[in-house]
Amino acid sequence: MVILILVGVASGVTTAMFGFGGGFVAVPVLIWADAHLGGDAARVAVATSSVLMVVGAATATASTRRDLLAEMRGSRLPLLLAAGGVVGAVAARHVPGDVIAVGFVVYLLLTIASVTVRPGFLEPVVDGARPIPAVAGLPIGAVAAFLGVGGSVVTVPMMRRAGHPMAVATALANPLTLAVALPATAVFLLLSGGRPAGAGPGFVGAVDVRAALALLVGSLPVIVVLRRRGPRLSDRAHARWYVGLLVAVTVAMAATLFR
């Protein structure tokens with residue numbers, strides 16, 4: 001539990017400063033913590049991370065400046081992200097946990113390749129900011145909920161290439177993550193088909209409630225403080241730290257899979 005609380009602190013830092021945390025930081029640790037569930041560990045990790053993303057993203061969104069959130073007003077993107085979240089969560093119930101875990105690593109590797117090789121992320125190449133096409137919400141939401149990652153690792157690079165500075169892209173990633181995670185969490189809680197075989201007390205459906213609470217105890221205070229009084233990073237440094245964190249999570253997840 002102490003380890004989970006400390007991981008929650010790290011998750012709070014990445015949620016507040018980079019727009020992701022509940023899924024990318026928590027999933028590898030939850031797979032490790034629930035390894036005794038065997039093939040169900042990855043499914044439990046995805047379901048539990050969706051709960052973390054709802055609470056964490058809601059807290060970060062509530063702590064974000066209103067003028068930034070106004071950019072989402074009138075957009076159909078959150079609605080389509082939510083629809084995709086339902087599709088991805090339902091799909092995650094019908095595949096082996098190992099498929100989800102391997103898919104998580106592949107997704108990370110593709111994202112790292114994209115943000116480092118393709119122009120527009122590390123160095124902006126667009127003048128002015130454009131919105132993400134709303135139609136992209138459905139596939140982003142489906143993949144994000146299926147893998148338990150929240151979608152921010154798709155939306156942040158897309159907003160970056162559309163001309164948004166990192167501070168804006170990472171701030172807007174939180175309400176977009178909330179749009180994916182809220183319906184996905186409802187699916188995991190209501191339609192998971194009961195606790196995994198071998199699970200002890202503290203499970204609701206496929207959600208490990210005790211692990212979720214420990215992670216939230218560590219993350220929520222950090223999110224509130226950093227969203228209001230976070231360190232100032234240059235746009236270039238912000239983008240490079242973002243890539244570095246993706247690499248660190250990929251290594252952690254690969255170590256979990258191939259230990």
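The side chain to side chain contact (heavy atoms under 4.5 Å, CB included) test applied to Leu182 returns Val54, not counting sequence neighbours. Listed by chain and number, the residues in a side chain to side chain contact (heavy atoms under 4.5 Å, CB included) with Ala214 are Met1, Leu4, Ile5 (sequence neighbours excluded). Val55 is linked by a side chain to side chain contact (heavy atoms under 4.5 Å, CB included) to Thr59, Leu216, Leu220, counting only residues two or more places apart in sequence or in another chain. With sequence neighbours excluded, the residues forming a side chain to side chain donor-acceptor pair (under 3.5 Å) with Arg236 are Glu123, listed by chain and number. For Ile3, the side chain to side chain contact (heavy atoms under 4.5 Å, CB included) partners two or more places apart in sequence, or in a different chain, are Val7, Trp32. Residues meeting the ring-ring contact (aromatic ring centres under 6.0 Å, His included) test with Phe146, sequence neighbours left out: none. Checked against side chain to side chain donor-acceptor pair (under 3.5 Å), Thr185 has the following partners two or more places apart in sequence or in another chain: Ser50. By the side chain to side chain donor-acceptor pair (under 3.5 Å) test, Thr116 is found to be paired with no residue, residues two or more places apart in sequence or in another chain being considered.
In terms of heavy-atom proximity, Met159 sits nearest to Ala169 at CE-O, 3.1 Å. Between Ala41 and Ala35, the shortest heavy-atom contact is CB-CA, 4.3 Å. Nearest heavy atoms, Met158 versus Ala136: CE-CB, 4.1 Å. Across all their heavy atoms, Ala82 and Pro183 have their closest contact at O-CG, 3.4 Å.
For residues 203-213, the set of pairs meeting the side chain to side chain donor-acceptor pair (under 3.5 Å) definition, not counting sequence neighbours, is empty.
Through ILVMFWY side-chain contacts below 4.5 Å, Leu79 is grouped with nothing and stands alone. Taking Ile, Leu, Val, Met, Phe, Trp and Tyr as hydrophobic and joining them when side-chain heavy atoms fall under 4.5 Å apart, one finds Val224 isolated, its cluster having no other members.
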Can you give each donor-acceptor pair under 3.5 Å made by side-chain atoms of residues 246-254, sequence neighbours left out, with the distance rounded to 0.1 Å?
unit_1 : atom_1 : unit_2 : atom_2 : d
Thr250 : OG1    : Leu246 : O      : 2.8

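Without hydrogens or angle criteria, Thr14 side chain to Ser11 main chain gives a donor-acceptor distance under 3.5 Å. For Asn174 (side chain) and Thr61 (main-chain N/O), no donor-acceptor pair under 3.5 Å exists by modelled atom type.
Aromatic ring pairs are classed by plane angle as parallel below 30°, tilted from 30° to 60° and perpendicular above 60°; the pair Phe18 and Tyr242 is tilted.
In this structure, Thr170 and His164 have side chains that are not in contact, with every pair of non-hydrogen atoms separated by 4.5 Å or more. Proximity of Leu215 to Leu30: side-chain heavy atoms (C-beta onward) are separated by under 4.5 Å at one or more points. In this structure the side chain of Val106 reaches within 4.5 angstrom of the side chain of Leu110, judged on heavy atoms.
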Derivation and outcome, side-chain contact (heavy atoms from CB on, under 4.5 Å), residues Phe203 and Leu37: CA-CA 12 Å; Phe203 277 73; Leu37 299 178; 3.9 Å; yes

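Val156 and Val115 fall within the same hydrophobic cluster, where Ile, Leu, Val, Met, Phe, Trp and Tyr residues are linked whenever their side-chain heavy atoms come under 4.5 Å apart, directly or through other members.
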